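Just so we're clear, the structure is a prediction, and the values are computed from it rather than from any experiment. Heavy atoms only: backbone and side chains are in, while hydrogens, waters and symmetry mates are out.
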Amino acid sequence: LVEIKEHVNSAFQWTTKEGPLCDENMRGIRFNLMDVTLHADSIHRGAGQIMPPTRRCCFAAEMTGKPTLQEPVFLVEITCPQEAMSGVYNCMNLRRGCVFEENQRE
């Protein structure tokens, strides 16, 4: 296992930088490597033979756990002139925004 440790680590980093759903960064994930069966011939233990299957195994393990994407939500206070209100509402509607409160300034 020591001879492929670096390749497995690189495959894990590659996997977590480009997740299976939409090439997203993965967060809060852990993989337990339980068993490894290596080929007897050392030529079959290079990076090209270890990294792609390790990545596919990590993807398969994650997909069996029913992953979800997280959408960021921001709470903002917008101050604008009355003439720009329609533009602000148009922009908010395009981004599925919600207006909680509207105050008129004098």
Side-chain angles (χ1 to χ4, degrees):
L1 243 155
V2 174
E3 60 185 299
I4 65 164
K5 181 179 179 181
E6 211 41 56
H7 303 314
V8 172
N9 190 22
S10 296
F12 174 75
Q13 289 176 359
W14 181 23
T15 302
T16 56
K17 285 184 183 168
E18 299 174 6
L21 297 178
C22 60
D23 291 336
E24 75 287 358
N25 283 333
M26 297 190 316
R27 298 174 54 163
I29 192 163
R30 181 180 106 185
F31 297 101
N32 293 333
L33 187 60
M34 302 302 282
D35 185 29
V36 176
T37 304
L38 296 176
H39 196 278
D41 193 3
S42 64
I43 197 160
H44 296 290
R45 298 184 209 147
Q49 286 75 32
I50 298 295
M51 288 176 59
T54 302
R55 184 171 189 244
R56 284 194 299 272
C57 287
C58 289
F59 280 174
E62 183 186 357
M63 294 306 287
T64 59
K66 297 180 179 62
T68 59
L69 292 174
Q70 296 179 348
E71 181 180 19
V73 178
F74 298 101
L75 179 63
V76 296
E77 182 177 329
I78 300 172
T79 305
C80 67
Q82 187 65 35
E83 303 83 46
M85 288 294 286
S86 63
V88 169
Y89 273 98
N90 288 339
C91 183
M92 295 283 289
N93 288 333
L94 288 174
R95 289 166 173 73
R96 299 189 309 150
C98 299
V99 177
F100 295 119
E101 184 180 358
E102 181 179 327
N103 297 328
Q104 297 287 333
R105 284 185 134 179
E106 296 166 13

With no hydrogens and no angle check, is any side-chain donor or acceptor of Asn9 less than 3.5 Å from a backbone partner on Lys5? no
Connected via hydrophobic side-chain network under 4.5 Å: Tyr89 and Ile78: yes
Cluster question for you: counting only ILVMFWY and a side-chain heavy-atom cut-off of under 4.5 Å, with indirect links fine, are Met85 and Val99 together? yes
Candidate pair Trp14 and Thr54, rule side-chain contact (heavy atoms from CB on, under 4.5 Å), full reasoning: CA-CA 10 Å; Trp14 181 23; Thr54 302; over 6 Å; no
Which heavy atom of Ala47 sits nearest a heavy atom of Pro52, and at what distance? O-CD, 3.7 Å
At what distance, to the nearest 0.5 angstrom, does NZ of Lys17 lie from OG1 of Thr15? 11.0 Å
Residue Glu6 excluded, over 12 heavy atoms near CD under 6.0 Å: no
Would you give the length of the straight line joining atom CZ of Arg96 to atom CG of Leu94, rounded to the nearest 0.5 angstrom? 12.0 Å
Any Gln104 side-chain heavy atom under 4.5 Å of Gln82 side chain: yes
Single-linkage hydrophobic cluster, 4.5 Å side-chain cutoff, Met92 and Val76 together: yes
For Thr68 against Leu21, the heavy-atom pair lying closest together: C-CD1, 4.3 Å
Applying the 4.5 Å side-chain criterion to the ILVMFWY set and letting contacts propagate, would Leu38 and Met34 be lumped into a single cluster? no
Derivation and outcome, side-chain hydrogen bond (donor to acceptor under 3.5 Å, both in side chains), residues Asn25 and Arg27: CA-CA 7 Å; Asn25 283 333; Arg27 298 174 54 163; over 6 Å; no
Does Gln13 reach the main-chain N or O of Ala11 with its side chain, forming a donor-acceptor pair under 3.5 Å? no
Glu62 and Phe31: which non-hydrogen atoms are nearest, and at how many Å? N-CE2, 4.4 Å
Looking at Met51 and His7, what are the two nearest heavy atoms and their distance? CG-O, 3.4 Å
Could you see if Phe12 belongs to whatever hydrophobic cluster contains Met26? Use Ile, Leu, Val, Met, Phe, Trp, Tyr and a side-chain cutoff under 4.5 Å. yes
Do other residues, nucleotides or ligands put more than 12 heavy atoms under 6.0 Å from the CD atom of Glu77? no
How close do Cys22 and Glu24 get, heavy atom to heavy atom, and via which atoms? N-OE1, 2.8 Å
